[in-house]
Asker: 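Starting off with a structure, shown below.
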Amino acid sequence: MAPTNLINLEQGSVSFGIRQVLDDVSLGVNAGDRIGVVGLNGGGKTTLLEILTGVAEPDTGRVSRVSGLRLAVVTQRTEPAADTVGEAVLGGLGVATHEWAGDARIRAVLDGIGIHDLGLDTAVGDLSGGERRRVSLAAALVRDLDLLVLDEPTNHLDVEGVQWLADHLRSRSSALVVVTHDRWFLDTVATHTWEVVDGRVEQFEGGYNDWVFARAERDRQAAASESRRQNLMRKELAWLRRGAPARTSKPRYRIEAAEALIKDVPPPRDSLRLSSFAARRLGKVVIELEEARLDAPDGRTLVEDLTWRLAPGERLGLVGVNGSGKTTLLRALAGEAPLAAGRRKEGKTVRVGWLKQELDDLPLDQRVLEAIEDVAARVAFGDIELSASQLAERLGFTPARQRTPVGDLSGGERRRLQLTRVLMDEPNVLLLDEPTNDLDIDTLRQLEDLLDGWPGTMVVISHDRYLVERICDSVWALFGDGGLTNLPRGIDEYLERRARAGAAGDSGKVLREAGSGSGAGSASAAPAGSGLSSGEERALRKEMSKIERQMLKLDQRQATLHEALTAAAGEALDTEKLASLDRDLKEVTAEKEQLEERWMEIGEQIEG
């Protein structure tokens with residue numbers, strides 16, 4: 001049986017002024033499809049969604065939809081149409097409280113998106129932009145639909161929320177069209193991928209991984225075709241130049257063929273190439289928090305008795321539920337959030353670059369190039385020095401776009417400009433708060449390519465597990481228990497611990513504490529069955545932190561000894577030196593193994 005066609009677009013075209021956003025596009029959405037939509041910012045992804053769903057009409061072409069289509073659309077412009085959270089999420093269901101409260105599917109949505117933590121009676125006007133997005137998303141998910149259309153749904157969700165949303169969407173029978181830059185989410189959810197590029201919509205089977213392979217093959221074929229075309233062009237131009245100087249005419253068809261080849265040479269690809277910024281010298285001390293306590297504005301204790309020393313070159317990912325204090329901790333590292341107790345120490349050569357989650361630090365009354373030159377006129381990339389204009393062009397702002405007022409930029413372009421300004425200052429410590437928000441996948445790849453070889457210290461908060469796993473060497477978590485926990489197995493371990501807490505009847509505990517006014521509860525979240533008092537657990541966690549710092553030093557010592565052994569082996573044979581280095585390496589390795597065993601023992605005690 002052929003699948004039911006829900007929406008069909010035939011030869012649709014849309015232009016904004018002289019820019020063609022969609023050009024003669026034909027495609028359809030069938031029942032059961034889960035389609036991920038990708039492409040550059042401003043390339044037409046949101047426009048395509050609006051055309052398919054009837055929010056906007058194409059300039060030319062035809063859109064047909066199946067009769068009685070049950071459809072929900074959540075875009076970046078969607079706002080809750082009610083006074084309270086409960087009315088916005090549940091008002092469209094038309095059922096009594098006891099009916100929706102008895103529906104396990106609806107309760108799962110309210111828990112998964114965190115609506116219970118916002119409070120059903122909370123006024124929508126009192127919510128932040130991210131919270132309103134979550135309310136709009138929940139209002140769509142609680143409904144029984146034929147088609148769900150979502151634009152960047154993972155923004156403003158934590159890692160756990162992203163996984164829950166992926167599992168929920170896969171369990172639904174409704175079709176899905178989703179614009180997303182979250183590659184893990186795309187690969188987990190999508191059965192088809194649409195790439196909006198140069199006014200066309202290229203269609204691929206599968207999710208992110210399949211799309212990458214298909215795109216690589218397409219680029220390979222294009223490169224082979226381009227190579228053949230370039231060779232032909234060179235032959236044609238050589239023929240035009242050949243012959244006696246007095247010859248002033250050639251067969252017209254040969255001249256036209258050569259001119260067509262020259263005219264067809266594509267401009268250099270805007271690859272957003274970023275060279276690694278030369279890091280300023282970092283001494284032994286980077287940023288240190290000693291016996292620090294951080295409080296939320298409502299008086300809750302987020303972190304207490306924390307001793308955390310960032311080492312030169314460390315690359316850390318920071319995860320945790322919304323409200324656990326990730327951004328507050330980042331602000332404390334930057335020196336912009338006061339410590340309730342303890343002290344902060346910063347190295348003399350440290351230069352902090354802080355990419356905030358908000359876009360309120362951009363000068364909206366300036367043009368793009370002016371906003372970059374406000375930071376610096378020139379920047380050094382190793383031996384290469386670039387002007388602000390040259391750097392802006394490498395980051396995707398063409399010379400014409402550099403004259404655009406900042407206030408006229410899209411959200412993704414503003415995020416890219418914000419990143420440009422941070423990097424223009426040549427920091428050696430990078431603090432990134434949700435750097436993937438509003439960035440398209442191509443820009444994310446270039447950002448990762450830059451950060452892969454970036455030599456400074458870096459702390460990243462992100463719900464994008466693909467990015468964290470790619471650029472960070474270790475992952476730390478805030479579980480709402482007042483401590484900072486190292487996760488040797490990364491985000492998988494974080495999700496496992498959260499799932500175990502839920503299975504033990506502790507589901508949502510951290511979120512409930514984050515929503516209450518209690519400052520005492522946040523430091524006593526020992527797992528069920530551990531048999532430890534809050535004081536005993538705090539002492540064990542303190543010992544774990546000490547062990548982690550010791551292991552870090554031993555790692556550095558190991559690396560130094562390996563380098564020394566390699567160097568000694570390449571010199572004139574010195575058996576005594578080699579033997580001494582080998583003994584030192586064995587001692588360091590044995591000490592590290594003992595510390596690892598103790599670390600695991602403490603972990604088992606805490607987990608119960």
Side-chain angles (χ1 to χ4, degrees), residues 154 157-163 181-185 187 208 274 276-277 279 282 286-289 303 306 308-322 324-334 350 352-357 415 419 422-423 427-437 439 441 443-479 483-498 544-545 548-549 551-553 555-556 559 599:
T154 61
L157 295 180
D158 56 32
V159 172
E160 193 175 9
V162 172
Q163 172 146 354
H181 63 261
D182 189 314
R183 289 150 297 175
W184 178 89
F185 180 79
D187 206 41
Y208 176 72
L274 294 172
S276 295
F277 283 84
L282 280 169
V286 182
I287 297 176
E288 298 180 354
L289 300 179
V303 179
L306 172 64
W308 197 23
R309 295 182 173 89
L310 297 182
E314 271 195 301
R315 307 161 67 88
L316 311 176
L318 187 60
V319 297
V321 295
N322 288 327
S324 59
K326 302 186 298 296
T327 297
T328 303
L329 180 55
L330 209 65
R331 291 180 63 225
L333 289 174
V350 166
V352 176
W354 184 19
L355 183 69
K356 300 180 181 179
Q357 192 171 159
R415 192 66 166 161
L419 177 62
V422 169
L423 297 178
N428 53 26
V429 176
L430 267 180
L431 306 177
L432 306 177
D433 194 353
E434 295 293 359
T436 65
N437 280 359
L439 294 184
I441 289 178
T443 304
L444 281 175
R445 285 205 194 102
Q446 299 302 326
L447 173 61
E448 288 169 348
D449 186 53
L450 167 67
L451 296 180
D452 272 342
W454 190 75
T457 297
M458 180 167 55
V459 182
V460 181
I461 295 174
S462 181
H463 63 265
D464 187 333
R465 60 191 295 178
Y466 193 103
L467 176 109
V468 171
E469 290 167 351
R470 164 79 184 272
I471 67 173
C472 297
D473 296 328
S474 63
V475 178
W476 298 72
L478 291 170
F479 286 107
L484 182 65
T485 304
N486 179 242
L487 303 174
R489 291 189 294 109
I491 290 177
D492 284 338
E493 182 176 351
Y494 169 76
L495 294 171
E496 288 169 10
R497 290 194 183 200
R498 291 286 300 161
M544 284 184 82
S545 297
E548 287 160 2
R549 293 194 297 273
M551 287 196 294
L552 180 62
K553 291 179 181 178
D555 283 339
Q556 296 169 344
W599 190 94

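Fair warning: this is a prediction, and the values are worked out from it, not measured in the lab.
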Asker: How long is the straight-line distance from CG of Leu419 back to CG of Leu355, given to the nearest 0.5 Å?
Answerer: 6.0 Å
Asker: Of all the heavy-atom pairs spanning Ala477 and Tyr494, show the shortest one and how long it is.
Answerer: CB-CD1, 3.8 Å
Asker: How about Asn486 and Ser474: do any of their side-chain heavy atoms sit closer than 4.5 Å?
Answerer: yes
Asker: Does some side-chain heavy atom of Leu484 sit less than 4.5 Å from a side-chain heavy atom of Leu318?
Answerer: yes
Asker: What are the two closest heavy atoms between Glu469 and Ile491, and how far apart are they?
Answerer: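 Residues Glu469 and Ile491, closest heavy atoms: OE2-CB, 4.2 Å.
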Asker: Would you say Asp158 and Val319 make side-chain contact, with heavy atoms under 4.5 Å?
Answerer: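 Of all side-chain heavy-atom pairs linking Val319 with Asp158, none is under 4.5 Å.
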Asker: If I compare all heavy atoms of Thr436 with all of His181, which pair ends up nearest, and what's the gap?
Answerer: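 Closest heavy-atom pair between Thr436 and His181: O-NE2, 3.1 Å.
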Asker: Val352 and side chain to side chain contact (heavy atoms under 4.5 Å, CB included): which single residue from Val286, Ile287, Val422 fits?
Answerer: Ile287
Asker: Can you tell whether the side chains of Asp433 and Lys326 come within less than 4.0 Å, N to carboxylate O?
Answerer: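 Salt bridge: no.
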Asker: To the nearest 0.5 Å, how far apart are CG in Leu423 and CG in Leu430?
Answerer: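 Between atom CG of Leu423 and atom CG of Leu430 there are 6.0 Å.
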Asker: Decide yes or no for Pro435 and Val460: does some side-chain heavy atom of the first lie under 4.5 Å from some side-chain heavy atom of the second?
Answerer: yes
Asker: Is the shortest side-chain heavy-atom distance between Glu314 and Asp473 below 4.5 Å?
Answerer: no
Asker: Between Ser462 and Val159, which heavy-atom pair has the shortest distance, and what is it?
Answerer: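 It is O-CG2, 3.7 Å.
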Asker: Can you list the residues that meet the side chain to side chain contact (heavy atoms under 4.5 Å, CB included) rule with Val162, with sequence neighbours excluded?
Answerer: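 Thr154, Leu157, Asp182, Trp184, Phe185, His463.
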Asker: side-chain contact (heavy atoms from CB on, under 4.5 Å) between Leu431 and Arg331: does it pass, once the steps are laid out?
Answerer: CA-CA 9 Å; Leu431 306 177; Arg331 291 180 63 225; over 6 Å; no
Asker: Measuring only between side-chain heavy atoms, which start at C-beta, is Lys356 closer than 4.5 Å to Leu330?
Answerer: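 In short, these two side chains do not touch, never coming nearer than 4.5 Å.
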Asker: What distance separates Arg183 CZ from Arg470 CZ, expressed to the nearest 0.5 Å?
Answerer: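 So the CZ of Arg183 and the CZ of Arg470 are separated by 7.5 Å.
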Asker: Say whether, by atom type as modelled, one donor and one acceptor occur between the side chain of Thr457 and the main chain of Asn428 under 3.5 angstrom.
Answerer: no
Asker: In the structure I gave you, are the side-chain heavy atoms of Leu329 and Trp308 within less than 4.5 Å of one another anywhere?
Answerer: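 In short, these two side chains touch, coming nearer than 4.5 Å.
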Asker: Can you check whether Arg465 reaches Leu495 side chain to side chain, under 4.5 Å on heavy atoms?
Answerer: yes
Asker: Looking only at atom types and distance, does a side-chain atom of Arg315 sit under 3.5 Å from a main-chain N or O of Ile471, one as donor and one as acceptor?
Answerer: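 Checked: pair present.
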